[in-house]
Q: 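Encoded as structure tokens, here's the structure I'll be asking about.
Please read these numbers as outputs of a predicted model, since none were measured by experiment.
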Amino acid sequence: MAFVAAFLPVLGSTLLIAFLVPVGNLLKAESIGGMALYFLGVVAFCGLSLLPTNVIGIVGGFAFGFFPGIVVLIAGILGAAFLSFLVYRKIGSRRFADIIEKHPRSAAVYHALLRESPARTLSIIFLLRLSVVMPFSLTNFLMASARVPVYAYLIGTFFGMLPRSAAVVFVGSGLSELDLQDRGDVLFLAFGIAATIAAMIVITVISRRALDNLTAERTAASADIQTT
């Protein structure tokens with residue numbers, strides 16, 4: 001299930017790119033109806049691990065502009081996260097906890113998620129969402145399998161996904177066409193993607209260090225127990 005959650009969205013994005021121009025133009029032409037269709041598409045396709053949030057965020061920015069685009073995208077992401085949580089919680093492995101306990105770092109994160117304070121749980125979900133190393137669908141699967149509180153899951157998802165979502169919507173909002181025949185669009189897209197990657201790397205490093213600090217003591221304790 002983790003493999004499917006990690007790699008199925010990559011295949012879905014390849015298919016979406018093939019229909020990127022007609023889909024983007026349709027959503028842009030339909031205005032309010034396009035926003036409703038876009039929202040439902042994000043919930044369904046991202047919630048069922050069929051599409052990543054990055055490519056679809058560029059489409060939303062192009063079709064609706066930055067502010068409407070980020071509002072609809074974030075609403076759709078929250079809906080997708082909740083749908084995915086329900087699905088994966090239902091079919092998640094009951095052996096998840098036993099598997100996690102064999103790996104000290106993973107066990108530290110797991111225990112911090114479920115057995116520490118609600119604020120600690122929320123902080124870890126937020127940091128995991130910030131990191132671009134953790135795909136949206138895979139994080140959904142891991143959080144649902146760990147059976148984290150749904151309120152912490154959704155709040156952490158909202159704040160953690162907001163920076164990267166805003167970045168990709170901003171890139172999409174600066175495009176005049178999705179077929180990239182305009183040289184200015186090509187340059188803007190290249191610059192926007194480069195700036196987004198750079199920002200996400202910085203955010204990922206910061207979130208990784210913060211996550212290490214949150215789990216360092218428990219990781220060491222788990223390692224000592226396994227050694228003995």
Side-chain angles (χ1 to χ4, degrees), residues 4-5 8-91 125-126 129-130 132 135-141 143-144 150-182 185 188-189 192-193 196 200:
V4 169
L8 191 59
V10 177
L11 299 178
S13 66
T14 304
L15 183 62
L16 176 62
I17 289 173
F19 296 95
L20 199 61
V21 176
V23 169
N25 291 334
L26 173 64
L27 293 174
K28 191 171 187 176
E30 293 296 327
S31 186
I32 301 301
M35 289 185 185
L37 184 62
Y38 179 80
F39 168 78
L40 294 175
V42 173
V43 172
F45 290 111
C46 295
L48 297 176
S49 302
L50 299 175
L51 282 176
T53 58
N54 296 332
V55 176
I56 206 167
I58 293 177
V59 175
F62 165 76
F64 312 121
F66 179 72
F67 288 107
I70 188 63
V71 170
V72 180
L73 177 61
I74 284 294
I77 283 176
L78 288 177
F82 185 65
L83 173 61
S84 188
F85 187 85
L86 295 178
V87 172
Y88 286 133
R89 189 163 184 167
K90 189 72 174 178
I91 63 178
I125 295 174
F126 168 71
R129 288 298 194 191
L130 272 183
V132 294
F136 177 75
S137 296
L138 180 58
T139 305
N140 292 344
F141 170 74
M143 296 298 98
V150 67
Y151 74 90
Y153 170 77
L154 292 177
I155 295 173
T157 295
F158 174 79
F159 288 104
M161 291 297 297
L162 189 57
R164 73 166 86 172
S165 299
V168 294
V169 170
F170 177 77
V171 171
S173 68
L175 301 176
S176 59
E177 296 291 339
L178 280 177
D179 57 5
L180 300 181
Q181 293 181 354
D182 187 289
D185 280 355
F188 180 84
L189 182 62
I193 290 176
T196 299
M200 290 300 102

Q: Give the ring-plane orientation class for Tyr153 versus Phe85, where under 30° counts as parallel, over 60° as perpendicular and anything between as tilted.
A: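 Plane angle between 30° and 60°, so tilted.
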Q: Val71 versus Phe64: any side-chain heavy-atom pair under 4.5 Å?
A: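 When only atoms from C-beta onward are counted, Phe64 and Val71 do not touch, as no gap falls below 4.5 Å.
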Q: Taking atom CZ of Phe66 as the centre, report whether more than 12 heavy atoms of other residues, nucleotides or ligands fall under 6.0 Å from it.
A: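 More than 12 heavy atoms, drawn from other residues, nucleotides or ligands, come within 6.0 Å of this atom.
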Q: Tell me which pairs pass side chain to side chain donor-acceptor pair (under 3.5 Å) where either residue lies in residues 73-84, with sequence neighbours left out.
A: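 Qualifying pairs, neighbours excluded: Ser84-Asn140.
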Q: Inspect the surroundings of CZ in Phe39 and state if more than 12 heavy atoms from other residues, nucleotides or ligands are less than 6.0 Å away.
A: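 Result for CZ/Phe39: enclosed.
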Q: Only one of Val72, Leu162, Thr53, Val43 forms a side-chain contact (heavy atoms from CB on, under 4.5 Å) with Ile77, so which one is it?
A: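 So, applying the side-chain contact (heavy atoms from CB on, under 4.5 Å) to Ile77 and each of Val72, Leu162, Thr53, Val43, only Thr53 qualifies.
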Q: Which pair of heavy atoms, one from Ile125 and one from Thr157, lies closest together, and at what distance?
A: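 Distance-wise, the nearest heavy atoms are CG2-N, 4.2 Å.
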Q: If I compare all heavy atoms of Met35 with all of Pro68, which pair ends up nearest, and what's the gap?
A: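 Looks like CE-CB, 3.6 Å.
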Q: If you take all heavy atoms of Ala80 and Val42, which pair is closest and at what distance?
A: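 Taking Ala80 first and Val42 second, the nearest heavy atoms are CB-O, 3.5 Å.
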Q: Return yes if some donor-acceptor pair links the side-chain N/O of Ser173 with the main-chain N/O of Phe170 below 3.5 Å, else return no.
A: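 Side chain of Ser173 to backbone of Phe170: a pair is present.
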Q: Carefully, step by step, assess Ile58 and Val169 under the rule side chain to side chain contact (heavy atoms under 4.5 Å, CB included).
A: CA-CA 5 Å; Ile58 293 177; Val169 170; over 6 Å; no
Q: Please list all pairs passing the side chain to side chain donor-acceptor pair (under 3.5 Å) test where one or both residues lie in residues 55-77, with sequence neighbours left out.
A: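 Checked against side chain to side chain donor-acceptor pair (under 3.5 Å) - neighbours excluded - no pair reaches residues 55-77.
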Q: Can you find a heavy atom in the side chain of Ile56 that is under 4.5 Å from one in the side chain of Leu73?
A: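 Side-chain contact under 4.5 Å: yes.
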Q: Taking the six-membered ring for Trp, is the centroid-to-centroid distance between Tyr88 and Phe141 below 6.0 Å?
A: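 Yes; Phe141 has its ring centre under 6.0 Å from that of Tyr88.
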Q: Output, in order, the C-alpha distance, side-chain angles, deciding distance and verdict of side chain to side chain contact (heavy atoms under 4.5 Å, CB included) for Arg129 and Phe159.
A: CA-CA 8 Å; Arg129 288 298 194 191; Phe159 288 104; over 6 Å; no
Q: Rounded to the nearest 0.5 Å, what separates atom CE in Met161 from atom CZ in Phe126?
A: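 So the CE of Met161 and the CZ of Phe126 are separated by 12.0 Å.
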